2 protein chains.
Amino acid sequence: MKPRSQQPDDQHLTEQLGATGLRLTPQRQQVYDVLRHKRDHPTAEEVFIRAKKSMPEISHATVYNCLDALVKSGLARQVTLDRGATRYCPNMHEHGHFHCDVCATVFDVDLPEQAMKLPKGFKADHFDIAIHGVCADCAKKK
Amino acid sequence: MKPRSQQPDDQHLTEQLGATGLRLTPQRQQVYDVLRHKRDHPTAEEVFIRAKKSMPEISHATVYNCLDALVKSGLARQVTLDRGATRYCPNMHEHGHFHCDVCATVFDVDLPEQAMKLPKGFKADHFDIAIHGVCADCAKKK
DNA sequence: TTTCAATTTAGAATTATTCTAAATCTTGAC
DNA sequence: GTCAAGATTTAGAATAATTCTAAATTGAAA
């Protein structure tokens, strides 16, 4: 039976990271936990601040390194909206990001099952779909 | 008959900008021309360097302002890929951006006609679709 | 236990973007 | 034609986001 301290599934993390030639380190675990704990698409800076709460000695460069490692190994995604800082999302199901232009909240939205038509010979690895508009709450207020 | 010096259609630019409460200035015209001249999804810095060739006195802040104005008035789109600088695209037809992870080239790709299913009450303004993968040329080389 | 490569650290440095105050420009009113 | 007002540009300075660096640390394999 798995030790209760191991969560969500260290073995899974180790496997995913290992498949990319990377190790699961306490810092990477922490950064991953931060992403999973509050799924509000935080920036690297926000992740850094949150991670420092439980791991005061973690550094900026480490947070960037950890985020890169998680993205590279398929444990997180980058969300790039407009010209601000890149955000991060631990939801690895195929989905899009709805960005409300009023309250600036980012929502995960499901995608229709649809094969994108690529030019001949192109090979797709993944899709990043961002939708800009107004969320239900902000639409109501107008 | 329109003067040949006016291109692609200053009246159209003036109208689009005007609809957003903005003016068509020589700088905005120049930045727009830069985007249309070489459609390689340049960064603000690249646009700045290119614009300076014909307009040496243009400043950084102006280029950012001009790009913002073009985006705001529907004459250009922002392309955000990974954590680098934002890129710009003058193609206002609904399309996606294919980013080759090998040669870092960005290609415009057509989108299937498909209505995205949004959560109830949400209102979409536009979509930004980025596809990451390998282009035909780089796929061949492997 | 030792070695070695991966990783972290703490800043420094670079890149990307925004801000500021003064100057300039354009348009409309008179 | 002049003037006023607001938009815009300018030239840096400043801030934000990200990357780099060299030394230290860590963990796994030998």
Side-chain angles (χ1 to χ4, degrees), chain A residues 10-11 13-34 41-52 54-73 75-76 78-88 104, chain B residues 10-11 13-34 41-52 54-73 75-76 78-88 104:
Chain A
D10 287 7
Q11 191 176 335
L13 290 183
T14 301
E15 281 166 8
Q16 292 259 159
L17 284 159
T20 328
L22 300 164
R23 295 178 188 159
L24 176 60
T25 66
Q27 292 82 0
R28 286 174 183 164
Q29 175 76 67
Q30 174 71 12
V31 165
Y32 187 60
D33 290 345
V34 162
H41 308 90
T43 63
E45 184 67 20
E46 286 164 338
V47 173
F48 174 64
I49 290 166
R50 292 174 192 177
K52 277 183 88 72
S54 312
M55 192 174 270
E57 74 281 7
I58 199 166
S59 77
H60 247 130
T62 300
V63 170
Y64 275 93
N65 174 284
C66 292
L67 289 169
D68 277 347
L70 294 173
V71 170
K72 194 177 175 187
S73 59
L75 290 158
Q78 289 182 325
V79 184
T80 51
L81 303 161
D82 301 334
R83 280 201 316 257
T86 294
R87 297 175 173 279
Y88 293 85
Chain B
D10 288 8
Q11 193 176 334
L13 290 185
T14 301
E15 280 165 7
Q16 291 257 163
L17 283 158
T20 329
L22 301 164
R23 293 177 186 163
L24 175 60
T25 67
Q27 292 82 1
R28 288 173 180 164
Q29 175 75 66
Q30 174 71 13
V31 165
Y32 187 60
D33 289 347
V34 162
H41 309 86
T43 63
E45 184 67 21
E46 287 165 337
V47 173
F48 173 65
I49 290 166
R50 292 176 191 176
K52 278 186 86 69
S54 313
M55 190 174 273
E57 73 283 4
I58 199 166
S59 79
H60 248 130
T62 300
V63 170
Y64 275 92
N65 174 283
C66 292
L67 289 168
D68 276 346
L70 294 173
V71 170
K72 192 176 174 186
S73 57
L75 291 159
Q78 289 182 325
V79 184
T80 50
L81 303 162
D82 301 336
R83 278 197 320 251
T86 295
R87 296 175 173 276
Y88 292 85

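Here the structure is a predicted model, which means the values were calculated and not measured. Heavy atoms only: backbone and side chains are in, while hydrogens, waters and symmetry mates are out. Chain letters run A, B, ... following the sequence lines, proteins first, then strands; residues in each count from 1.
- Close to C:dT17, at under 4.0 Å from its OP1 or OP2, lies a side-chain N or O of B:Thr86.
- Across all their heavy atoms, B:Leu75 and B:Tyr32 have their closest contact at O-CE1, 3.5 Å.
- In this structure, B:Phe48 places its CZ atom 15 Å from P of C:dT15, rounding to the nearest Å.
- Put simply, CD on A:Gln11 and CG on A:Leu24 are 11.5 Å apart, with the number rounded to the nearest 0.5 Å.
- Residue B:Arg50 comes nearest to B:Pro42 through the heavy atom pair NH1-CB, 3.7 Å, listed as atom of the first residue, atom of the second, then distance.
- Electrostatic pairing of A:Arg87 and A:Glu46 counts as a salt bridge here, judged by a charged N lying under 4.0 Å from a carboxylate O.
- For the OP1/OP2 pair of C:dT8 and a distance below 4.0 Å, the side-chain nitrogens and oxygens of A:Thr25 include at least one atom meeting the criterion.
- An OP1 or OP2 oxygen of D:dT10 is reached within less than 4.0 angstrom by a side-chain nitrogen or oxygen of B:Gln27.
- Taking for each of B:Arg23 and B:Arg83 the nucleotide of DNA chain C with the nearest heavy atom, the 5'-most of the two is the partner of B:Arg83.
- In this structure, OG1 in A:Thr80 is found 11.5 Å from CZ in B:Arg83, a value given to the nearest 0.5 Å.
- Residue B:Glu45 is classed as having no contact, given no heavy-atom separation below 4.0 Å to the nucleic acid.
- Taking atom CD on A:Gln29 and atom P on D:dT26, their separation rounds to 18 Å, with Å as the unit.
- The side chain of A:Tyr64 contributes no N or O atom lying less than 4.0 Å from OP1 or OP2 of D:dT19.
- As a whole-Å value, the separation of B:His60 NE2 from C:dT15 P is 12 Å.
- When rounded to the nearest whole Å, the span between CD1 of A:Ile58 and P of C:dT7 equals 14 Å.
- Atom-to-atom, CG of A:Asp68 to P of C:dT8 comes out at 11 Å; the value is rounded to the nearest Å.
- As a whole-Å value, the separation of B:Asn65 CG from C:dT24 P is 18 Å.
- Base engagement by A:Ala61 is indicated by at least one non-hydrogen atom pair under 4.0 Å involving a base atom.
- In this structure, B:Gln30 places its CD atom 12 Å from P of D:dT9, rounding to the nearest Å.
- Across the interface with DNA chain D, nearest-nucleotide mapping of B:Lys52 and B:Gly21 shows B:Gly21 to be the residue nearer the 5′ end.
- Side-chain N/O atoms of B:Ser59 include none lying less than 4.0 angstrom from OP1 or OP2 on D:dA11.
- In this entry the distance linking CG of B:Leu17 with P of D:dG6 reads 21 Å, nearest Å.
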